[in-house]
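Take a look at the structure set out below.
All values below come from the heavy atoms of this structure, side chains included, with hydrogens, waters and symmetry mates left out. Every chain is numbered from 1, with letters handed out A, B, ... down the list of sequences.
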Amino acid sequence: MNSVTVSALTQYVDQEVELKGWLYNRRGSGKLLFLQFRDGTGVVQVVVSKKDVPEEVFETAKRIGYESSIIVRGKVTKDDRSALGVEVQGSAVEVIQEVHDYPIQITEDVPNIDKLLDLRHLWVRSKRPHAILKVRSEVVQAIRDFYYQRDFVLYDAPIFTPASCEGVSTLFEVPYFDETGYLTQSGQLYGETGAMAFGKVVVFGPTFRAEKSKTRRHLTEFWMVEPEVAFLELDGIMDLAEQQIQYVVGRALDKCKAELKELERDTSILEQVVKPFPRIHYEEAQKVLQQLKVDFAKSDDPELVKLSGDILKQGLGADLGAADETALGMHYKQCICIHHYPREVKAFYMKADETGKYAMGVDVIAPEGVGEIVGGGQREDSLEVLEAQIKKHNVPPESVSWYVDLRKYGSVPHGGFGMGVERCVQWITGCQHVREAIPFPRTIYRLTP
RNA sequence: UCCUCGGUAGCUCAAUGGUAGAGCAUUCGACUGUUAAUCGACAGGUUGCUGGUUCGAGUCCAGCCCGAGGAGCCA
């Protein structure tokens with residue numbers, strides 16, 4: 001007998017098969033049972049009819065609780081009433097482990113996410129997390145393929161680092177023998193060493209931020225992909241970010257149709273991602289925001305009126321806030337690149353433009369309220385300017401001396417960006433919390449399971 | 001760190017200061033085509049914790065604990 005997966009079942013119509021997996025749900029009557037059987041690749045309905053099977057098989061199928069591990073045998077039949085197109089006429093149910101107290105129920109009342117995250121080790125079996133995490137898997141593979149196809153060298157940055165890469169954010173401190181180490185908050189500075197060695201590299205790994213952020217966009221541990229390219233300037237960096245996002249979203253739309261349908265994701269905005277992303281200078285963004293502030297204030301929608309009040313709250317010439325990003329996303333209804341932020345609000349390694357007022361950095365803002373998914377730009381390549389910036393930002397010079405060496409030995413214009421994998425997945429799947437976009441989210445108040 | 005909101009049955013939520021309730025899930029029973037099945041029954045409680053006001057507190061007050069959303073910071 002063929003041992004097969006649910007995903008391949010349509011190829012076995014009218015054949016006897018064996019399925020190994022778990023009981024997902026059950027409906028039925030006194031003489032006819034409908035087992036919803038899952039094996040990780042999909043869910044299929046197994047029909048067990050009292051008149052067609054031995055008494056003990058029917059009794060077993062009726063008795064076992066949800067998530068009991070079972071082996072089911074039966075004949076695959078076509079059935080138009082099934083979403084899958086086929087179902088299995090069960091003839092035997094072998095129990096591996098019988099379960100009667102599975103703690104997650106299938107219900108229309110959605111428990112709050114915190115309770116489900118306490119059960120994350122089991123919740124991942126349910127349809128929604130299953131779909132989101134499959135999209136994540138596809139997104140990660142698409143990222144790897146994108147850079148591999150373009151001859152980037154995978155260049156892993158260390159996770160233990162001696163000090164802050166940016167000299168600002170809160171880092172996780174870890175004892176490291178006789179000294180103090182920190183968990184990396186970005187592989188970028190290491191990526192720059194790779195760009196000078198290989199031309200085009202990509203750093204891809206976990207990143208840690210000890211910021212006490214409590215929003216649906218923040219994790220303390222998240223995955224970031226960070227390409228870094230020698231001789232690439234701001235326009236080229238924007239081209240790369242745009243192409244990468246278009247490729248990744250395209251792959252998800254192509255390969256994850258079933259998952260996006262399960263999530264009831266309206267993909268119309270995602271389909272717009274093939275168009276060029278508007279590229280907006282910071283000064284222009286401020287003008288657009290001033291206009292949006294006025295327009296939204298007149299709206300009938302109280303949400304928009306509230307948003308209007310938060311637009312440009314930090315003042316002209318300051319960094320953009322979350323409300324500003326949301327408003328711009330709503331206005332353009334697709335990904336936008338905002339470049340040339342004020343130099344003061346950006347990190348020490350950012351290259352200044354010819355005016356000296358702006359940094360040649362770029363953020364990509366995703367629509368639909370997800371906000372920033374990419375941050376990057378051109379790096380300062382002048383030794384003198386970089387040293388001045390290090391002094392100005394109070395970065396301990398000894399901690400970045402190796403980095404400064406890159407400007408002493410064959411410095412060239414270069415740059416790159418970082419994209420947060422979870423935020424990208426959050427946007428593509430349309431999920432409310434970035435916490436759902438990673439198997440085991442780590443936030444300020446969650447270290448388990 | 002700050003602002004706002006919340007914590008009652010396994011889950012989602014009710015309950016003018018006056019007997020602690022419902023739906024769903026579990027358990028038991030009925031039903032041969034169910035798609036979040038349906039119908040009937042049983043069971044299920046230290047109302048986050050501590051103290052206070054009151055004849056009487058889930059409800060009012062104070063403190064604390066836990067969580068959520070947002071700000072800031074960021075991807």
Classify the nucleic acid contact of A/Tyr66 as base, sugar-phosphate or nothing, counting any heavy atom under 4.0 Å across all strands shown.
-> sugar-phosphate
Could you give the NZ-to-P distance, from A/Lys50 to B/C31, as a whole number of Å?
-> 8 Å
Pairwise C1' distance, B/C49 and B/U8 [rounded to whole Å] | 15 Å
Touch class at under 4.0 angstrom, heavy-atom based, for A/Arg446 against every strand present = nothing
Compute whether any side-chain donor of one residue and acceptor of the other, for A/Thr180 and A/Glu173, lie under 3.5 angstrom apart.
-> no
Find the distance A/Trp223:CH2 to B/A75:C1' and express it as a whole number of Å.
-> 15 Å
Is there a side-chain polar atom (N or O) of A/Lys115 under 4.0 Å from OP1 or OP2 of B/U12?
-> yes
Nearest listed nucleotide, side chain of A/Arg209, among B/C74, B/G69, B/A71 = B/C74
Are A/Asn25 and B/U34 close enough that a side-chain N or O sits under 4.0 Å from OP1 or OP2?
-> no
Select base, sugar-phosphate, or nothing to describe what A/Leu33 touches, counting heavy atoms under 4.0 Å on all strands.
-> nothing
Rounded to whole Å, the CZ-C1' distance (A/Arg26 to B/A25) equals 13 Å
Answer yes or no for this row: A/Phe34 ring on B/G33 base, centroids under 5.5 Å, planes under 30°.
-> no
Hey, is the side chain of A/His433 poking within less than 4.0 Å of OP1 or OP2 on B/G69, counting only N and O atoms?
-> yes
Take atom P in B/G6 and the same atom in B/U38, then report the distance between them in whole Å.
-> 33 Å
B/C73 P sits how many Å from A/Glu344 CD, rounded?
-> 13 Å
B/G69 base to A/Gln432 side chain: any donor-acceptor pair below 3.5 Å?
-> no
What interatomic distance, in whole Å, is found between C1' of B/C39 and the corresponding atom of B/G45?
-> 28 Å
Spacing of the P atoms in B/U59 and B/G51 (rounded, Å) | 14 Å
Could you say whether A/Gln45 or A/Val421 is positioned toward the 5' end of RNA chain B, judged by the nucleotide with the nearest heavy atom to each?
-> A/Gln45
Scan A/Glu422 against the nucleic acid and name what it touches under 4.0 Å (heavy atoms): base, sugar-phosphate only, or nothing.
-> nothing
Is there a donor and acceptor pair, one atom on the side chain of A/Arg27 and one on the base of B/C31, closer than 3.5 Å?
-> no
Sticking with atom C1', work out how far B/A14 lies from B/U54, rounded to a whole angstrom.
-> 25 Å
Whole-angstrom distance between B/A22 and B/A9, as gauged at atom P = 14 Å
Is A/Glu87 touching bases, backbone alone, or none of the nucleic acid, heavy atoms closer than 4.0 Å?
-> base
More than 12 heavy atoms from other groups under 6.0 Å of OH on A/Tyr148 | no
Name the closest nucleotide to the A/Lys62 side chain, picking from B/U35, B/A30, B/U32.
-> B/A30
Check the angle between the aromatic planes of A/Tyr358 and A/His281 and answer parallel, tilted or perpendicular using the 30° and 60° thresholds.
-> perpendicular
Which part of the nucleic acid does A/Gly375 contact within heavy-atom distance under 4.0 Å: base, sugar-phosphate only, or nothing?
-> sugar-phosphate
Look at A/Arg217 and B/A71 and indicate whether a side-chain polar atom (N or O) is within less than 4.0 Å of OP1 or OP2.
-> yes
A/Phe146 and A/Tyr247: aromatic ring centres closer than 6.0 Å?
-> yes
Using a strict 4.0 Å threshold on nitrogen-to-oxygen distance, state whether A/Glu422 and A/Arg136 make a salt bridge.
-> yes
Checking only heavy atoms, does the side chain of A/Gln36 share a donor-acceptor pair with the base of B/U35 at less than 3.5 Å?
-> no
Given the C1' atoms of B/G48 and B/C66, what is the spacing between them in whole Å?
-> 7 Å
Mind checking the P distance from B/A41 to B/A25? Whole angstroms is fine.
-> 15 Å
Base, sugar-phosphate, or nothing for A/Val434, non-hydrogen atoms under 4.0 angstrom?
-> nothing
Using 4.0 Å as the upper bound for N to carboxylate O, is an ion pair formed by A/Glu325 and A/Arg217?
-> no
Taken to the nearest whole Å, CZ/A/Arg423 to C1'/B/C74 is 6 Å
Decide, yes or no, whether a salt bridge links A/Glu67 with A/Arg38 under the criterion of side-chain N to carboxylate O below 4.0 Å.
-> yes
Under 4.0 Å between any heavy atoms, over every strand shown, what does A/Arg216 touch: base, sugar-phosphate, or nothing? Just pick one.
-> sugar-phosphate
Side chain of A/Glu325 (C-beta onward), nearest among B/U32, B/G70, B/C74 = B/C74
Donor-acceptor pair under 3.5 Å: do we get one between A/Lys214's side chain and the base of B/A68?
-> yes
Is it true that the side chains of A/Gln243 and A/Asp239 contain a donor and an acceptor less than 3.5 Å apart?
-> no
Using a 4.0 Å heavy-atom cut-off across all strands, classify A/His100 as base, sugar-phosphate, or nothing.
-> sugar-phosphate
Please determine, for B/A75, whether a Watson-Crick or G-U wobble partner exists with both distances under 3.5 Å, and give it or none.
-> none
Looking for any heavy atom pair under 4.0 Å, which part of the strands does A/Gly30 touch: base, sugar-phosphate only, or nothing?
-> base
